[in-house]
Amino acid sequence: MSSDSEKLAVAAHLHVVMRRKMGRVTDVEWLVRNADYAREIIRLACQQDEHPEVAEWGARLGAMLFPKAPPSAPAPVTTSAKAVAALRYVGGLR
Amino acid sequence: MPIHSRLPAALLAGLFAAPAMSAEQVPVAQVSAGDTAWLLSATALVLLMTLPGLALFYAGMVRKKNILAVMAQTLACAALVTLLWFACGYSLAFEPGPAGLERWIGGLGGAGLDNVLFDKAAGLVSVHPLMPSVPAAVFVLFQLSFAIITPCLIIGAVAERMRFASLLAFLGLWSLFVYVPVAHWVWAPQGWLAQLGALDFAGGTVVHVNAGVAGLVAAWMLGPRVGFGRAALTPANLAYTMTGAGLLWVGWMGFNGGSAGAADGRAGIAVLNTQLGAAAAALSWMAAEWVTRRTPTLLGLCSGAVAGLVAITPACGFVTPASAVFIGLVAGAACYWGATGLKRWLRADDSLDVFGVHGVGGIVGALLTGLLADPRVGGVSGSLGTQLVAVLATAAFSAVMTAGILLLVYLLLGGLRVAPAREHEGLDLSQHGEQVA
C-alpha cells in the first residue's frame with residue numbers, strides 16, 4: 001500500500017506532464033483526495049497515445065490509487081470500470 | 001559449355017514443361033455438378049472471410065484513426081495476390097516442377113493460366129488431378145481464396161505503423177516467395193512434406209503457422225507502435241470485430257469443407273468438426289480469461305472462436321467429432337496464453353496478435369492432428385514427428401524469408417514505417433487521405 005506522500009508525488013508528476021504535453025491543468029491535492037476526479041483524469045491520461053509519458057504516469061497513478069480489488073469485493077461501476085478498461089489496453093489487446 | 005552456365009536454360013525448360021500431373025482436358029460430362037456447385041459456394045465463403053470478414057475483424061481492433069487503412073490494406077492485398085496468382089503463383093504452387101526441383105517448387109507450365117480451358121464446341125474442360133471432379137478453373141479459384149487470406153493475415157501484426165507502399169511490396173513478394181513454395185511442399189503431390197506424410201487438411205501449416213510466424217518476424221523488425229506498453233491503444237469498435245469474427249466463422253465452413261474437394265461425407269465431417277472446434281475454443285478462451293482476469297470479454301470470445309477455427313483447420317478431415325472438441329478446448333486456452341503471457345515474453349508489438357492466435361493455433365492444430373488422426377475418417381494415421389517436422393520447416397522458412405523480403409523492401413523503398421508524426425496522425429489520413437467521422 002502506497003503512502004499519501006508517494007501518491008502525491010506521482011500525482012504531481014502526472015500534473016506536470018499533462019500541463020507540459022497537453023496544456024491541461026489538474027489539481028494535485030484533489031487527485032489524491034477525490035476518487036471520481038482521479039479516475040476521470042487517469043482515464044484521460046491513459047488515452048493519450050500521442051503522449052506516452054502522460055499515459056505512463058496516468059497508469060502509474062491508477063495502479064497506486066486503485067489497486068486491484070480482491071475477488072470478493074463488489075465491482076465499482078461507471079468511471080472506475082472505464083479506467084480499468086483503458087488500462088487493459090496498455091501493452092496488449094487481449 | 002560448363003554445366004553451371006547451362007543450368008538457367010535447363011531450369012527454364014523444366015519450369016515451362018507440362019508433365020503428367022498438370023491440368024488436363026476431359027469431357028465435360030466427367031465433371032460432377034454437385035462437387036462443382038459445392039466448390040463454387042465454398043470459394044465464395046472463403047473470399048467472404050477476407051472481404052469483408054478479416055477486414056472488419058481487424059478494423060475493430062485498431063484505433064479509430066487506422067480503421068480505413070487496415071481495410072484498404074486488406075482489399076489491396078486481395079487484388080494484388082489475385083493477379084500474382086494468375087500470372088505465376090498458381091502454376092508455381094500446383095503445376096509439376098522442373099526435374100530435380102519438383103519437391104520444392106512447381107513449374108511455369110500453367111503461368112497466365114494458359115492450361116485452364118473450357119472448350120464448349122469440343123465439349124472439353126480442364127481439370128486438375130487434385131480435384132478431378134471439378135473444372136480446373138474452380139480449383140484455381142478455390143486455391144486463390146487461400147492464397148489471398150494468408151498474406152492478409154499478416155496485416156494484423158504490422159497494423160497502425162507500416163507504409164502502404166512498403167506493405168504492398170512486402171505482401172506481394174511474400175505471397176510468391178513464401179506462400180507459394182510452402183503450399184507446393186504440403187499440397188502438391190510431389191511436395192516434400194506431402195511425400196513425407198505431413199497432414200494438413202485445409203491449411204493449418206500452409207496458412208496459419210506460415211502467416212503467424214511471418215507476422216511475428218515482421219512485428220519484431222518493424223518495432224513497436226509509438227506509445228506501445230505505455231499508453232492505452234484502445235480498439236476502435238469491437239462490434240466490427242464481432243461482425244468480422246462471425247463472417248470468418250461462417251466462411252470457415254467453406255475453407256474446411258471445400259478442402260475435401262467434393263460434396264461428400266468427408267466434407268460433411270470437416271464442416272461439423274469446424275463448428276465443434278470453434279465453439280469449444282470460444283468457451284475455453286472465455287473460461288481462461290474469466291478465471292485469470294475475472295472478466296469474460298467479447299474480444300476474448302471472438303478470439304477464442306478464431307483460435308478454434310485455426311486449430312481445427314489441419315485436422316478437420318482427419319479426426320472424429322470428439323477429437324475436434326478436444327482440439328478446440330486446448331487451442332482456446334493455448335491461444336489465450338499466446339496472446340497474453342507469450343506475447344509479453346516475446347516483447348514484439350504484434351498489434352493484433354497474429355502469432356498468438358494464428359501461429360499458436362496452427363501449431364497446436366498441426367501437432368494434435370498427428371496425435372488424433374483417425375484412419376476411419378481420413379484413411380491415414382498421423383505421426384507427431386512428421387507434423388513437428390512440417391511445423392518447424394514451415395516456421396523456419398517463413399521466418400528467414402520474411403526477414404529477407406522485409407530487408408529487400410527496406411532497401412528498395414527506403415523504409416518500412418511511416419514517420420512518427422504520421423503515425424500520430426493515423427494511417428487513414430496520412431496514407432489514404434480519408435477518415436472516419
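Order of the sequence lines fixes the chain letters, A, B, ..., with proteins taken first and strands second; residue numbering starts at 1 for each chain.
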- Is there any residue in residues 427-437 of chain B with a non-hydrogen atom under 4.5 Å from a non-hydrogen atom of chain A, and which ones are they?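 Under the 4.5 Å heavy-atom cut-off, nothing qualifies.
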Just wondering, more than 12 heavy atoms not from [X] lying within 6.0 Å of its [atom1]?
{"X": "B:Trp249", "atom1": "CH2", "result": "yes"}
{"X": "B:Met221", "atom1": "CE", "result": "yes"}
{"X": "A:Arg24", "atom1": "CZ", "result": "no"}

- Of all of B:Ala339, B:Pro235, B:Gly300, which one pairs up most often with chain A through heavy atoms under 4.5 Å apart?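 Between B:Ala339, B:Pro235, B:Gly300, the count favours B:Pro235.
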Need one label for [X]: side chain, backbone, both or neither, based on atoms under 4.5 Å from any heavy atom in chain A.
{"X": "B:Arg63", "result": "side chain"}
{"X": "B:Arg344", "result": "neither"}
{"X": "B:Thr340", "result": "side chain"}
{"X": "B:Glu423", "result": "neither"}

- Query: Roughly how far apart are B:Leu233 CG and A:Tyr89 OH, rounded to 0.5 Å?
  - Reply: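 Interatomic distance, B:Leu233 CG to A:Tyr89 OH, rounded to 0.5 Å: 11.0 Å.
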- Side chain, backbone, both or neither of A:Arg88 within contact of chain B (heavy atoms, under 4.5 Å):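 Just the side chain, heavy atoms under 4.5 Å.
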- Message: Report, in residue-number order, which members of residues 51-59 of chain A are under 4.5 Å from chain B by heavy-atom distance.
- Response: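 Result: A:Pro52, A:Ala55, A:Glu56.
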- Do A:Arg94 and B:Thr297 have side chains that get closer than 4.5 Å, going by heavy atoms?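 The answer is no; the side chains never approach within 4.5 Å.
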- Any idea which heavy atoms bring A:Leu93 and B:Asp353 closest together, and the distance?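 In this case the closest contact between A:Leu93 and B:Asp353 is CB-OD2, 4.1 Å.
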- Message: Which heavy atom of A:Gly92 sits nearest to which heavy atom of B:Phe228, and what is that distance?
- Response: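 Between these two residues, the closest heavy atoms are N-CE1, 4.3 Å.
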- Message: Just to verify, what does B:Tyr336 make a ring pair (Phe, Tyr, Trp, His ring centres under 6.0 Å) with, not counting sequence neighbours?
- Response: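 B:Tyr336: ring pair (Phe, Tyr, Trp, His ring centres under 6.0 Å) contacts with B:Trp285.
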- Query: Taking only residues two or more places apart in sequence or in another chain, which ones pass side-chain contact (heavy atoms from CB on, under 4.5 Å) with B:Ala281?
  - Reply: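 Counting only residues at least two positions away or on another chain, B:Ala281 forms no side-chain contact (heavy atoms from CB on, under 4.5 Å).
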